[in-house]
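In this text, all values refer to a predicted model and were calculated from it rather than measured experimentally. Letters A, B, ... mirror the listed sequences (proteins, then strands); counts begin at 1.
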Amino acid sequence: MSSVFYVTTPIYYANAEPHLGHTYTTVVADMLVRWNRMHGREAWSVSGTDEHGEKMVEAAEKAGTSPQAFTEQISAVFQRTWAELGIGPSAFVRTTNPKHVANVTKLLQKVWDEGWIELREYEGLYCVGCERFLTERDMKDGLCIDHERAPERRRETNYFFLMSRAFGWLRQYIEEHPDFIRPERYRNEALAMLRDESGLGDLSISRPKDRLDWGVELPFDRDHVCYVWFDALISYLTGAGYPDDPAFEARWAVAEHLIAKDILKPHAIFWPCMLHALGIPPYKHLSVHGYWNVDDRKISKSLGNVIRPLAMRDRFGFDAFRYFLLRDMSFGVDSVFTEDALVARINADLANNLGNLVSRTLNMTGRFCDGRVPEPEEPGEAEDEVRAAAETAARAVDEHVEKLEPARALEAIMRLVDATNRYVDQREPWKAAKDESRAGELRTTLFTCCQSLRAIAVLLLPFVPDSATEILSRLGVPELADEARLPDSALGFELPAPGTETRKGAPLFPRIDSSELSEGED
RNA sequence: GGCGAUGUAGCUCAGGGGUUAGAGCACUGGUUUCAUAAGCCGGGUGUCGGUAGUUCGAAUCUACCCAUCGCCA
């Protein structure tokens, strides 16, 4: 397997502040980066903001400011948010960034030179109110839905990227690479888009400047700017270091794009066709997740039910929040976000099972063994079982992350937590502590608990990094937070070594009383 | 209108031609006290969306229908 890993989130459209959907994708990317680093790979991640286009001009106007000032501000909010949550990408690409604009200009020229772009007259129904051409969906009874006025027939010249030429190639590529687009449902959708009868044709990639001047100027026609996807998608190249970073090629060869299902078409169709035209190999994977629905409706700002990541962190702690996101969404399928589900998940998994295991283990180590990891005797059957459970969990985590099933990976870790809790009950160390003749057994039990807890913390590092780091620190092996490797550091019950000083600490994940919560609101 | 996905316990979901259909949560009985009123042991529940068919046998395959969602028109 490659020693390099490269993952991207979408280049988020900078017309509103980060919400739940952005946060989810960014958290998954962060989890993958951490997991890959724990496999000894050099991991690189890219996120960014898409700042051009008509809608941005509109949003800026509404906010009473210029597109430059508006996008600058929103982009800064995105960057600050990820930084504050500790999930910042290795590189953050703004589509207005000069280096990126240079890449777009150069690549547009290249595609033009090689005959993939053509000037066409476009005729359609134009709404003066919307300042754009309408599609059937925008109209009702021949009138613009928003402005209730009849659109006028207008002609305009647009440059078209002749992507339909590459459809045959792309169809074959998708068929020959079953995990190019995953999960399978989205691969099927992409193939459906490529069927002749779908009517998908070439892509308009420009707007005349007299209608829109907020964009990258076409190098071969100064009167037009590049429109939407073309310049945004190239961010994935810019972010990976294109063209002059020596690491670019190695990164690009393993590029993993994470997106939500709403932008499947640009990523599954436009982007591979663009890369094909540029003579750049396709990305490795496109991984598509579903929507988080809030109150059974798609999250959107206009609905006013926006979940803000920083607010969630303040109320529940960011690790608890990201645990919920990773645990409760089956990657690829829509999920429902409710506060009840969040609280239930935190209490059941993190407080009652994991947090309580941490408390009882470290408390008993403190009370019965002077706060040091005890010297064990020969392991018996019960100890072997715990150890086997850790091995099973370690293997399952890798398998599931590899297949991009974080929920199952976490499920596997919780099974190890359960097994360890059962082991404690079975061995009854609190009784052994009162019986001099069982001193050896007591030491073995608490040693084993500490070992298992270390394995659990190591496995949790990519998912809940701060909490896992805290557990390792309390176990007296803080260095593992940076040095741990998967799966090895979760195996071989040898750390923390006997004699290592442990620290009990406060409850890791306090139980949340949901009745108090609802009172505290509004 | 076309294509596709989904529909399994109160909730979230797993499974997938073959004995009495699974997990977690929630609920509940017991137990324990090391622990965050946590843990552990036990318990009930389902016409597996509907109808028809293929089959010795279907929740699992096929057709149609219904509902929800997505893409396309």
Trainee: Tell me every residue that passes ring pair (Phe, Tyr, Trp, His ring centres under 6.0 Å) with A:Phe324, counting only those two or more places apart in sequence or in another chain.
Mentor: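 A:Phe324 satisfies ring pair (Phe, Tyr, Trp, His ring centres under 6.0 Å) with A:Trp292, A:Phe337 only.
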Trainee: So, A:Arg322 side chain and A:Phe463 main chain: donor-acceptor pair closer than 3.5 Å or not?
Mentor: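 Yes; judged by distance alone, with no hydrogens or angles, the pair exists.
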Trainee: Donor-acceptor pairs under 3.5 angstrom involving side-chain atoms of residues 424-433 of chain A: please list them, not counting sequence neighbours.
Mentor:
{"residue": "A:Glu428", "atom": "OE2", "partner": "A:Lys431", "partner atom": "NZ", "Å": "3.2"}

Trainee: Could you check whether A:Tyr173 and A:Phe180 have their ring centres less than 6.0 Å apart?
Mentor: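 Yes, close enough.
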Trainee: Could you check how far CZ of A:Phe324 sits from P of B:G24, rounded to whole Å?
Mentor: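 These atoms are roughly 19 Å apart.
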Trainee: If you measure from the C1' atom in B:U62 to the same atom in B:U55, how many Å do you get, rounded?
Mentor: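 Straight-line distance between the two C1' atoms is 12 Å.
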Trainee: Taking CE from A:Met329 and P from B:A14, how many angstroms apart are they, rounded to a whole number?
Mentor: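 In whole Å, B:A14 P lies 12 Å from A:Met329 CE.
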Trainee: How would you list, by chain and number, every residue that makes a side chain to side chain donor-acceptor pair (under 3.5 Å) with A:Asp328, sequence neighbours excluded?
Mentor: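 A:Arg345.
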Trainee: Can you name the side-chain contact (heavy atoms from CB on, under 4.5 Å) partners of A:Arg120, sequence neighbours left out?
Mentor: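 Here the qualifying residues are A:Glu118, A:Phe160, A:Leu162, A:Asp202.
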Trainee: Reading RNA chain B 5' to 3', what string of ( ), [ ], | and . shows its pairs, if Watson-Crick and G-U wobble pairs count only when both distances fall under 3.5 Å?
Mentor: (((((((..((((....[...)))).(((((.......))))).....(((((..]....)))))))))))).
Trainee: Using ring pair (Phe, Tyr, Trp, His ring centres under 6.0 Å) as the criterion, list what pairs up with A:Phe230, not counting sequence neighbours.
Mentor: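 For A:Phe230 the ring pair (Phe, Tyr, Trp, His ring centres under 6.0 Å) partners, ignoring immediate neighbours, are A:Phe161.
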Trainee: When you compare B:C11 with B:C56, how far apart are their C1' atoms, in angstrom units rounded to a whole number?
Mentor: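 Those two atoms are separated by 38 Å.
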Trainee: Check for me whether the distance between the ring centres of A:His267 and A:Tyr186 falls short of 6.0 Å.
Mentor: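 No, ring centres 6.0 Å or more apart.
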Trainee: Using the P atom in both, what is the distance from B:C41 to B:U32, to the nearest Å?
Mentor: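 Their P atoms lie roughly 15 Å apart.
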Trainee: Sequence neighbours excluded and cut-off under 3.5 Å, please list the side-chain donor-acceptor pairs for residues 370-382 of chain A, or say none.
Mentor:
{"residue": "A:Arg372", "atom": "NH1", "partner": "A:Gly499", "partner atom": "O", "Å": "2.8"}
{"residue": "A:Arg372", "atom": "NH2", "partner": "A:Glu501", "partner atom": "OE1", "Å": "3.4"}

Trainee: Between B:A14 atom P and A:Arg327 atom CZ, what is the distance in whole Å?
Mentor: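 These atoms are roughly 11 Å apart.
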Trainee: B:C71 C1' sits how many Å from A:Arg185 CZ, rounded?
Mentor: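 Spelled out: CZ on A:Arg185 to C1' on B:C71 is 12 Å.
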Trainee: For RNA chain B, which residues of residues 443-468 of chain A approach it to below 4.0 angstrom with any heavy atom?
Mentor: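 Residues of residues 443-468 of chain A that come under 4.0 Å of RNA chain B do not exist, since none gets that close.
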Trainee: In whole angstrom, what separates A:Asn188's CG from B:C69's P?
Mentor: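 In whole Å, B:C69 P and A:Asn188 CG are 21 Å from each other.
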Trainee: Atom NZ of A:Lys261 to atom C1' of B:G70: distance rounded to whole Å?
Mentor: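 Whole-Å distance recorded here is 6 Å.
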Trainee: Between B:G15 and B:C27, how far is it from one P atom to the other, in whole Å?
Mentor: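 Each nucleotide's P atom is 27 Å from the other's.
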Trainee: Would you measure the distance from the P atom in B:G7 across to the matching atom in B:A59 and give it in whole Å?
Mentor: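 Here B:G7 and B:A59 have their P atoms 16 Å from each other.
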Trainee: Given the C1' atoms of B:G49 and B:U6, what is the spacing between them in whole Å?
Mentor: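 Pairwise C1' distance, B:G49 against B:U6, rounds to 11 Å.
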Trainee: Please enumerate all residues that pass side-chain contact (heavy atoms from CB on, under 4.5 Å) together with A:Ala260, with sequence neighbours excluded.
Mentor: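 side-chain contact (heavy atoms from CB on, under 4.5 Å) check on A:Ala260 returns A:Asp262, A:His289.
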Trainee: Suppose we screen for side-chain contact (heavy atoms from CB on, under 4.5 Å). Which residues come up paired with A:Ala484, at least two apart in sequence or across chains?
Mentor: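 With neighbours one apart ignored, the set is A:Met38, A:Val458, A:Leu461, A:Leu480, A:Ser489.
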Trainee: Expressed as a whole number of angstroms, how long is the span from A:Tyr186:OH to B:C69:C1'?
Mentor: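 In whole Å, B:C69 C1' lies 10 Å from A:Tyr186 OH.
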Trainee: For A:Ala29, enumerate each residue passing the side-chain contact (heavy atoms from CB on, under 4.5 Å) test, keeping only those at least two apart in sequence or located in another chain.
Mentor: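 Only A:Val7, A:Thr9, A:Leu258 meet the side-chain contact (heavy atoms from CB on, under 4.5 Å) criterion with A:Ala29.
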Trainee: Which letters describe nucleotides 34-43 of chain B, given B = protein heavy atom under 4.0 Å from base, S = only from sugar-phosphate, - = neither?
Mentor: BBB-SBSS--
Trainee: How many whole angstroms separate atom NZ of A:Lys431 from atom P of B:U31?
Mentor: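 These atoms are roughly 13 Å apart.
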Trainee: What interatomic distance, in whole Å, is found between P of B:C65 and the corresponding atom of B:A26?
Mentor: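 That atom pair is separated by 42 Å.
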Trainee: Roughly how far apart, to the nearest Å, are B:C34 and B:C40 at atom C1'?
Mentor: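 Each nucleotide's C1' atom is 13 Å from the other's.
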